2 protein chains.
Amino acid sequence: MAGVDNRRTDTRERILAVGLRLFASQGYANTSLRQIADELGVTKAALYFHFKTKEDIVTGILTGYLDGLNALIEGAEPQTAEGREQLLRRFAEHQAHWGLNLMRLIRENFTEIGNLPFGSEIKKAFRRLLDTLAGPGTTVLEQTRARTAFVAIQSVALAAEDKSADERELREAALTVALEVLHGR
Amino acid sequence: MAGVDNRRTDTRERILAVGLRLFASQGYANTSLRQIADELGVTKAALYFHFKTKEDIVTGILTGYLDGLNALIEGAEPQTAEGREQLLRRFAEHQAHWGLNLMRLIRENFTEIGNLPFGSEIKKAFRRLLDTLAGPGTTVLEQTRARTAFVAIQSVALAAEDKSADERELREAALTVALEVLHGR
DNA sequence: GTCTATATATGGATAGAC
DNA sequence: GTCTATCCATATATAGAC
């Protein structure tokens, strides 16, 4: 039957999970394949059965996130204030869905990730998101509002680092503030 | 006379300048001493006359920034709303004074920098700044406002990346939005 | 799918001459 | 203050056995 003989068919997923955690907490360049392999109880060579390069691992971690982000932007209605607020809400949900470690990997390792070929796609998506969020025919002040709303959502990862408050409460507060700043309350 | 025979007494400063630019644009781990040396037209070994380790270079880059930041926080009056707004204004000036590359080095390489011994001091200072900015006896919502005001100022570096708008205008808009978000308009 | 062994490159750092 | 030469550790990646 399906699912019976897959004792280690999940190795690929486990590599992605450990890679995400280590990349997020130590940085991409500072995390070696040996470290990932050790945590999984395998050797470095085993990783190369599942991924051709180190970069392929981080690509595997980020690809679903990027696809969802692009879908968000694609489906937005940037002409109306309601449509832009809706986009901001969906972005907040998207961030919550992918979790704190992925948020940290992207935001707090922005240079490292953004300089990778795949990472530049994420940078492009972020820029499209900011432009869409700001709306058409935008002033610098409106662009600043959109950007601030965007980083307000992202900053949940910063707050959740060593706070006693629970993540859900932090997300709700961040969304509240982000929404009110988006169009000047 | 002083200043006559200093053809290369400024090498130390030039190392810091090139290091800042490369660390900010490529990341700390991804920038080799060889690359810094090449841009200066010297060899790696020459760097070791001026700095004992690679880490000492990034410490030299960040130390003035950290001292100024701590002085800001020390001199703040966190008991009143006016005092907290004043702190935010001074933080904005401080960021402007140290420039975009240093802002990027800290914010967009947060994991790499923050995991260095010296970098953890900056993380601590940021946390003190956030706490001070939020004021005494703070709710989650007020903490979120303080954090959002903080990242709004930081996000100038993100905006200045490929925009035609001038840096000064971006800074003013960021401060305006940050101030209005700090205490809920 | 995972292992051992190894090729190959590059990094930070030091010794000692000039 | 800068150079050449080198040490040494660690990194990614591959070959081939099991």
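Please read these numbers as outputs of a predicted model, since none were measured by experiment. What's counted below: heavy atoms across the whole structure, side chains too, no hydrogens, waters or symmetry copies.
Annotation: side-chain hydrogen bond (donor to acceptor under 3.5 Å, both in side chains) contacts of B/Arg171 (sequence neighbours excluded): B/Glu167. Residues that satisfy the side chain to side chain contact (heavy atoms under 4.5 Å, CB included) test with B/Ala152, not counting sequence neighbours, are A/Thr148, B/Ala178. Residues that satisfy the salt bridge (Lys or Arg N to Asp or Glu O under 4.0 Å) test with B/Arg89, not counting sequence neighbours, are absent from this structure. Looking at residues two or more places apart in sequence or on another chain, you find a salt bridge (Lys or Arg N to Asp or Glu O under 4.0 Å) between B/Lys124 and B/Glu121. B/His97 is linked by a side chain to side chain contact (heavy atoms under 4.5 Å, CB included) to nothing, counting only residues two or more places apart in sequence or in another chain. A search for side-chain hydrogen bond (donor to acceptor under 3.5 Å, both in side chains) contacts involving B/Asp38 returns B/Arg34, not counting sequence neighbours.
Residues of residues 23-32 of chain A that place a heavy atom closer than 4.0 Å to DNA chain D, in numerical order, are A/Thr31, A/Ser32. Scanning residues 112-119 of chain B for heavy-atom distances under 4.0 Å to DNA chain C yields an empty list.
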Let me have a per-nucleotide readout for nucleotides 13-18 of chain D, 5' to 3', with B, S or -, counting only protein heavy atoms under 4.0 Å.
BBB---
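Rounding to whole angstrom units, CZ of residue A/Arg34 and P of C/dC3 are separated by 13 Å. The separation between A/Leu40 atom CG and C/dC3 atom C1' is 15 Å, rounded to whole Å. Atom CZ of B/Phe49 is separated from atom P of C/dT14 by 15 Å (rounded to the nearest Å). Rounded to whole Å, atom P of C/dG1 lies 10 Å from atom CG of A/Asp10. Regarding A/Ile36, its CD1 atom lies at a distance of 11 Å from the P atom of D/dA11, rounded to whole Å. Remark: P of D/dT4 and CG of B/Leu47 are 13 Å apart, rounded to the nearest angstrom.
Ring geometry for B/Phe126 against B/Phe110 counts as parallel: the plane angle stays under 30°, on a 0 to 90° scale with 60° as the upper cut.
The list of salt bridge (Lys or Arg N to Asp or Glu O under 4.0 Å) pairs with a residue in residues 92-101 of chain A, not counting sequence neighbours, is empty. For the salt bridge (Lys or Arg N to Asp or Glu O under 4.0 Å) condition, the pairs that include at least one residue of residues 172-185 of chain B, sequence neighbours left out, are A/Arg145-B/Glu180, B/Arg168-B/Glu172, B/Glu180-B/Arg185.
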Distance-only check: which donor-acceptor pairs under 3.5 Å involve side-chain atoms of residues 56-63 of chain B, not counting sequence neighbours?
unit_1  : atom_1 : unit_2  : atom_2 : d
B/Thr59 : OG1    : B/Glu55 : O      : 2.9

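The side chain of A/Thr43 sits closest to C/dC3 out of C/dT2, C/dC3, D/dT2. Checking C/dG1, D/dT2, C/dT4 against the side-chain heavy atoms of B/Thr11 singles out D/dT2 as nearest.
For the residue pair B/Glu112 and A/Tyr28, no side-chain donor N or O sits within less than 3.5 Å of a side-chain acceptor on the partner.
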